[in-house]
Amino acid sequence: MLNRIADRFSKMVEKYLPDAFVIAVLLTLFVFIVAFFMKPAEPISTFKSFGDGFWMYLTFTMQMVLLLMTGMALAAVPFIQRILTAVASLAKTANQAYILTFLVSSAAYYINWGLAVVVGAIIAREVGKRNKKAHFPLLVAAAYAPTVTYTAGLSSSIGLSVATKGHFLEEAIGVIPTSETIFHPGTIIILVALVITMPIFIIFMAPKKDIIPFTPKVNEKAKSDIEDTAQSKYPAIRLEKSPILGVLTGLIGFIYIISEFINGRDLDLNIINITFLSLGLIFHQSLFQYAQAFKEAATSISPIILQFPFYAGIIAVLGSSGLAESIINWMASIANKDTFDVFTYWAAGIVNLLAPSGGGQWALQGPLQVAAGAKLGVDHAVTAMAVGWGDGWTNLIQPFWALPILSVVGLHIRHIMGYCILLSIWVGILTTVLLFFVY
């Protein structure tokens, strides 16, 4: 039954869902209209908020871009790709294909969601090549679906942000160690529950007919590794091809990382970035090869670079207009200490539809949510994780973070979004129930 519902819903979404950039622009116009109604006497202030906000999160944007690019460049290491190809061959049936794709992508999301973008794309592509009975759009949806779990992983935007000394809410909540957020037993319970149940839901959605198999993209660029014999003897070419410089630079990064941990530093965004940068430099065979991997990563995340400033502007308008505050205050007003994390989760899910950035959303929602939670005696770490889970939940509905993986596999957002929306219903129900009991 669910597979018939999923099939009809997916076809309907394909007809009516526009491109992700169009969605970003429509959401921008929507918050402008709401802001004008909420503050009709101050229309110019809304334009100013948007313009100022457009550049407000440049530092965070750069951190996120590096997180994606270093993760994607690491996934492009030849021996890692060979491992993924070997793993893909383990799936012998369509159901095994969906489960394997989801689990491999989940593991990658736990390590680094930038890494997961390419790992998920590669595993979906390689599994699709070997299993023509698997519905490729659903395979890609299975690769993207673990985005809901990233807040419990090692690259959790909010979990790492509040663990970073000097973060913008330090005076209000202090520095919260990751043992109280991403490594909290409640977080682990929710993570395990999602990882077990989501692939089962995906199997129930699998179509029985009109299967769309993987279709290889035509590579028009036909790369060649053959260098001109004369040029390969030039000192400059030798430097580019030498693995020594990359290894030495990577080791410098690791010495820095080790010294920081010895001095008591916790895991944060900057440590994650330099770790994956160092690993990529060491594992790639040369600086030239690493630069090429970075270049290819940039192509895949170009839609994010284009759209992120628009969402930063939306976040600023949400803040200046009072719309986000109204949503949060309304939910907080009907919550008590026991239900506050659930209402925070719902509020975060709604806000994420307009502002799909864990760190950016925390900058907007964090101060309001922390203050409301403090009045009820709610632990700040619980508030932070509830916002994080809500952010991850509606990533399944908001297409922004699916863009890199879709660029790699050659699909459009409308091909997978029907499945993602249905899956988000199950995730919302399960996480709501667990949040009430585990924190």
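More than 12 heavy-atom neighbours from other residues, nucleotides or ligands sit within 6.0 angstrom of CE on M12. Around atom CZ of F204, no more than 12 heavy atoms belonging to other residues, nucleotides or ligands sit under 6.0 Å away. By the 6.0 Å contact criterion, CD on E170 is enclosed, its count of non-hydrogen atoms from other residues, nucleotides or ligands being greater than 12. By the neighbour-count criterion of 12 heavy atoms within 6.0 Å, atom CD1 of I244 is sparsely surrounded, having that number or fewer from other residues, nucleotides or ligands. Heavy atoms from other residues, nucleotides or ligands lying under 6.0 Å from CZ of F30 number 12 at most.
Between the side chains of T383 and Q369, no donor-acceptor pair is found at a separation under 3.5 Å. Checking S278 against Y256 by side-chain atom types alone, no donor-acceptor pair falls below 3.5 Å. A side-chain donor from one of Y311 and Q398 sits under 3.5 Å from a side-chain acceptor of the other. A donor-acceptor contact under 3.5 angstrom links the side chains of Y150 and D391, judged on distance only.
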I would like to know whether S155 and Y110 meet side chain to side chain donor-acceptor pair (under 3.5 Å); could you show each step before the answer?
CA-CA 7 Å; S155 61; Y110 187 81; over 6 Å; no
Any chance you could lay out the ring-ring contact (aromatic ring centres under 6.0 Å, His included) test for F102 and Y98, step after step, and finish with the verdict?
CA-CA 6 Å; F102 178 87; Y98 302 130; over 10 Å; no
Worked check of side chain to side chain donor-acceptor pair (under 3.5 Å) between S161 and W362:
CA-CA 9 Å; S161 176; W362 179 242; 4.5 Å; no
W346/T432 under side chain to side chain donor-acceptor pair (under 3.5 Å): CA gap, chis, key distance, verdict:
CA-CA 8 Å; W346 292 346; T432 293; 3.0 Å; yes
Please test T394 against N352 for side chain to side chain donor-acceptor pair (under 3.5 Å), starting from the C-alpha separation and ending with a verdict.
CA-CA 7 Å; T394 50; N352 182 60; 2.9 Å; yes
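In this structure, the side chain of S242 does not engage the main chain of L239 through any donor-acceptor pair within 3.5 Å. In terms of modelled atom types and a separation under 3.5 Å, the side chain of R125 and the main chain of V409 share no donor-acceptor contact. Between the side chain of S10 and the main chain of D7, no donor-acceptor pair closer than 3.5 Å is present. Side chain of H284 to main chain of L279: no donor-acceptor pair is present (N/O by atom type, distance under 3.5 Å, no hydrogens or angles). In this structure a side-chain-to-backbone donor-acceptor pair under 3.5 Å is missing from T339 to V342. In this structure, the side chain of N131 does not engage the main chain of A97 through any donor-acceptor pair within 3.5 Å. Between the S105 side chain and the G120 main chain, no donor and acceptor come within less than 3.5 Å of each other.
You'll find the ring centres of Y419 and F9 outside the 6.0 Å limit. Taking the six-membered ring for Trp and the full ring otherwise, the centers of F310 and F21 sit less than 6.0 Å from each other. The six-membered or imidazole ring of F136 lies near that of F214, with a centre-to-centre distance under 6.0 Å.
With salt bridges taken as basic N to acidic carboxylate O contacts below 4.0 Å, one links E126 and K129.
Across H135, K133, K132, a single residue satisfies side-chain contact (heavy atoms from CB on, under 4.5 Å) together with P213, and that is K132.
Ring planes of H412 and H415: perpendicular class, angle over 60° (limits at 30 and 60°).
Atom OG of residue S424 and atom CG of residue L422 lie 7.5 Å apart, to the nearest 0.5 angstrom.
Under the 4.5 Å side-chain criterion, counting only non-hydrogen atoms from C-beta, Q96 is not in contact with L90.
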